[in-house]
A.B. asks: 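Below: one structure in structure tokens.
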Amino acid sequence: MFKAKIFVNYKPSVLDPKAEVIQNTLARLGDDNVQHVLVGKYFELLLSGDEAAVRAQIDRICDTMLANINTESYRFTLEPVSDAAVAE
Amino acid sequence: MFKAKIFVNYKPSVLDPKAEVIQNTLARLGDDNVQHVLVGKYFELLLSGDEAAVRAQIDRICDTMLANINTESYRFTLEPVSDAAVAE
Amino acid sequence: MKAAVLSFPGSNCDADMTWAIGDVAGQAVKLVSAQATSLAGFDCVVVPGGFSYGDYLRSGAIAKFAPIMPALKDFAAAGGYVLGVCNGFQILTEAGLLPGTLQWNTSLQFICQPTPLIVANARTAFSSAYSEGQQITLPIAHGEGNYYADDATLAQLEEKGQVVFRYAENPNGSRNDIAGLTNARGNVLGMMPHPERAVETLLGGTDGLGVFESLINAMKGAPADVATRTFA
Amino acid sequence: MLQRELSPDQIATEKPYLGLGLNEDEYDCLTTLLGRRPNFTEVGLASGMWSEHCAYKYSKPVLKTFWTKNDRVLMGPGEGAGVIDIGEGKAVVFKAESHNHPSAVEPYQGAATGVGGIIRDIFSIGAKPIALLDSLAFGDPKDPHVRQLIDQIVAGIGDYGNAIGIPTVGGETRFADSYARNPLVNAMCVGVMDTDAIQRGKAAGVGNALIYVGAKTGRDGINGASFASAEFSDDEAADRSAVQVGDPFMEKLLMDACLEVTREHQDALVGMQDMGAAGLVSSSVEMAGKANSGMTLDLDLIPQREPEMTPFEIMLSESQERMMLCVKAGHEDEIVALFKRYDLDTVVCGRVDEGHQYRLLHRGEVVCDVPVAVLTDEAPVYHQKGVQPSRLQQPAPDFEPGVLSLLATLRQLLADPNVADKKAIYRSYDAQVQTNTVLGPGADAAVVRVRGTHRALAMTTDSNGRYLYLDPEIGGAITVAESARNLVATGAEPLGITDCLNYGDPTKPESFYSLAESAKGITAACKAMNTPVISGNVSLYNETNGEAIYPTPMIGMVGLIEDLSTITTPAFKQVRELIYVIGETGPDFNGSLLQQVTTGAVAGALAPFDLTQDAATQRRLLAAIRQHLVTAAHDVSDGGLLVALSDMAIAGGLGAKVDLPLPAGWLFSETQGRFIVTVAPENQAAFESAMGDDAHLTGVVQPAVLTVATNDQTLTVPVHELATINEEALPCLLK
Ligand SMILES: Nc1ncnc2c1ncn2[C@@H]1O[C@H](COP(=O)(O)OP(=O)(O)O)[C@@H](O)[C@H]1O
Ligand SMILES: [Mg+2]
């Protein structure tokens, strides 16, 4: 069993309206030492299977579903987890 | 200058319709080895200041803006970054 | 014209679209479940607005895996007319039938209001009933209608005249004020404004009729520049 | 938060019920009714069912005084929603619900689930929801906490209605300091159905199946009903755990599926009810109670989102988007199959029994075995005595506006958030989905066409806590009368009302006085306007640190338009049309917006007004509108005549030249019973003879400029200047 930790972020060239609003709001509220804001999505998936297959599967799931390849890129890490940990 | 990596997740008891829909769709598409899906938010902030102040500031920003304390919990890590890295 | 209006779980403008095409424009129209797998026998397919699968991941991101989608792609590839409105537009971009992406409105707020548009290209199957440069008013109702495509894609869209509708006052941050566009071949149109909400005087205007009227004319094989009102 | 499974004897000594909202007398009463000490689950069920939310234990004596029936009412209070006949075989179904406490704690989800809950009430009757309205009250938007509440609450309401595809067509937003920490979030839903398909929430017929459908049950909102009925203090943070999350996608599937059941499986369906306050227990036991049945449920069959839930948790969870159906034995499979098609969790979880016991099984044990009536009919009812608050015993002297500048005061009022254009709020609501919205937000009332008929329904929500604070009885009457005026101004005949009664702690005699007195005013006005109360909801304990909100009954009223061509809006239509003021204007400044804005508070005695005369004026005006004699109509409310004139001018982009032979200050008086209308010159004689003495010709529509003459001042101002003030005020305050 693996736990995949997946990060989906906007590509740097794409203007992200959410990040803009957060940064502007922070500045207005006095948090003007915040110089950059990135808003991403984070997913955790628990999957069974052998590692190579799971890696390929996650790439496919990200490419087709979790990320919009026009505007977003993704990266992920994979950690083995014991079935006991899953049940918790 | 620090880079804060902030993870915001639903508290475990809170219903997350997003995760439900993703998991159901994956199962329907044949990815039925995916046993659990967690959908979270991920933020990166670049901030200047001394570490203790920045930590307190991030707590405040998370409590009031980035996380909904009624339904979500958050955690973050802080790494020093050189100003050169920031410019990149 | 025989139109199919697709209904995904969470679609909520499907009945409105059926009403506009069937009851108002007087055409044959059928609601087709997204669980279906065939679109045989239809001249035109409409992907309506709403919140397919809750729009929970990104708008349209789950709908593109619905059982009907392979048939829709085949239909479009064969040159069939496909109209996507609002969530339908989002689904078509997610499915790769139209270029670009619809991002959050710059205000991060859902916006519902009548919105003036300029007809940027009146030579398409979806806009021949309008005249080029004509200003019309259609309602918008969306949170994610901010059209994004990279510079190269945008340049190509402009060069090929794929932009069909532009906002006269940009409400959501769309690049080049794009409110509606076609694919390169011109048989698939996506638009954020709702033409089906502007087909009756009682409800505030009939500027949306032109979209349906254009399609009917295209179906008849009429020359694209004929703009006779066949119904009102 | 849970006290797991104390024994009946431990419960008697350790009194965990106090933390669940039951007091010692109520516990003793429960013990007496059962003839034994209740177990933990039973105590929990009683705490939910005997809460104000479910049992109306304090408000029932007041609610009994409401006028609930005329010849058009098909179903009055008592079911999920009320039903009124609108002709052509159709009926309108409507109800309002408050979600004040959940929204104060978790504004986004609190507001969203309020909308979700009221929608379920409508489709549980078998009606298709066609419109939503909201009624919101906030503190001063200059307060950042208030701004955040507004932001989140408006987003929660919008997101739910937008996603499920029911247009939010109207509402109201009020501002006063008394709501700063205790916002009011009331939502109303209107549905339409065939008169012969009315569904009731009952479980009858021994052996018939109880079917659970919808979202899985989680540990969210447990004991929300008793929580909603408890007052706030500032250290509420500890309670912020098990927030309910709304899932409009799930609810859309549930709604479509339930409507399909009522449409196509009427022979199989016995009854249907949504799971609202006190979740599974209230829906099931009320269904048993209404049919005088017994019932057994097997809790192991209930779909659960979390492991190891106790019977108490399962029964009192307020997880959203769940329904309970009673289906005839033998038809289970057909109904389960239907829901499965919509991808909904569905289980047969129990049966109707002989006798009158309510029985719950869990892991092979009977965890509850009590007479149904103990949880329903036998719930305690308290007959409180009210005491007139001291501020009413010796009211302050009448407020006199003194010398004021017409223009400066007008500007001030147009920029006040109560009068300001609310587009910044309602723009985030989809007002047109379903393509029936003739008039959306922005008119006096919303108007929605009824497909398949020649009719339309007009609807409005109104409240005015300022008036009730000064006089609950007169204020209650004003709220109803003003709702009716809003409908009449669009050309609709008022049909009936729903209400949300938002008040403070009913155990305080002064609070209870406000509740009881306002019910008198509401009843008197309902009779005068011929608008019975067909449904409603009570929200008490709206207090922060012991301080109650203004007593604020919210009235949701629905009216009927029989001819679509008579729908009328406030906008001036054409230059040279005649402007009439309908009704008399007096020096009525106590409780007025002018008083609030210029002094920062309201005080003084509220002037009585003549309901009979108001109703007669409304009837005459409606008749004139129906004869196409009126081109624009607007009721005169907050801010008085000059604000109303400005509204009409701004909406139409036209000016007016009027002569009002009154002291200038009176242009801001809030005398009841007035309208401003325009009439085409050729209809002058016909209109005047229709209206008689009520109508006062005061001027004409002119281009672009508002010109007003009074006894002692004149005013000339470009309309676009007024429009800018009115439109920019709220966005600016909310920034
Ligand atoms: N929260 C809201 N939701 C939807 N519509 C609203 C809301 N607040 C105000 N409106 C709309 O703004 C318009 C003006 O509201 P209001 O000033 O309360 O009207 P009135 O004084 O005639 O009752 C109405 O059409 C109303 O429907
Ligand atoms: Mg009004």
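Lettering of chains follows the sequences in order, A, B, ..., and the numbering in each one begins at 1. For the numbers below, each heavy atom of this structure counts, side chains included, while hydrogens, waters and symmetry mates do not.
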A.B. asks: At a heavy-atom separation under 4.5 Å, does Leu439(D) approach chain C through its side chain, its backbone, both, or neither?
C.D. replies: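 For Leu439(D), there is no contact with chain C at all, as no heavy atom is under 4.5 Å.
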
A.B. asks: For Cys112(C) and Ala431(D), work out which heavy atoms get closest and say how close.
C.D. replies: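 Result for this residue pair: SG-N, 3.5 Å.
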
A.B. asks: Is any side-chain heavy atom of Phe249(D) closer than 4.5 Å to one of Pro9(C)?
C.D. replies: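 Heavy-atom side-chain distance check passes, below 4.5 Å.
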
A.B. asks: What donor-acceptor contacts under 3.5 Å connect chain D and chain C, backbone and side chains included?
C.D. replies:
{"from": "Asn162(D)", "atom 1": "O", "to": "Asn12(C)", "atom 2": "ND2", "distance (Å)": "3.1"}
{"from": "Ala163(D)", "atom 1": "O", "to": "Asn12(C)", "atom 2": "ND2", "distance (Å)": "3.1"}
{"from": "Asp247(D)", "atom 1": "OD1", "to": "Tyr56(C)", "atom 2": "OH", "distance (Å)": "2.5"}
{"from": "Lys252(D)", "atom 1": "NZ", "to": "Ser11(C)", "atom 2": "O", "distance (Å)": "3.4"}
{"from": "Arg427(D)", "atom 1": "O", "to": "Cys112(C)", "atom 2": "N", "distance (Å)": "2.7"}
{"from": "Arg427(D)", "atom 1": "NH1", "to": "Gln113(C)", "atom 2": "OE1", "distance (Å)": "3.3"}
{"from": "Asp430(D)", "atom 1": "OD1", "to": "Arg197(C)", "atom 2": "NH1", "distance (Å)": "2.9"}
{"from": "Asp430(D)", "atom 1": "OD2", "to": "Arg197(C)", "atom 2": "NH1", "distance (Å)": "3.4"}
{"from": "Asp430(D)", "atom 1": "OD2", "to": "Arg197(C)", "atom 2": "NH2", "distance (Å)": "2.9"}
{"from": "Gln434(D)", "atom 1": "N", "to": "Asp16(C)", "atom 2": "OD1", "distance (Å)": "3.4"}
{"from": "Gln434(D)", "atom 1": "N", "to": "Asp16(C)", "atom 2": "OD2", "distance (Å)": "2.8"}
{"from": "Arg449(D)", "atom 1": "NH1", "to": "Glu200(C)", "atom 2": "OE1", "distance (Å)": "2.6"}
{"from": "Arg449(D)", "atom 1": "NH1", "to": "Glu200(C)", "atom 2": "OE2", "distance (Å)": "3.4"}
{"from": "Arg449(D)", "atom 1": "NH2", "to": "Glu200(C)", "atom 2": "OE2", "distance (Å)": "3.0"}

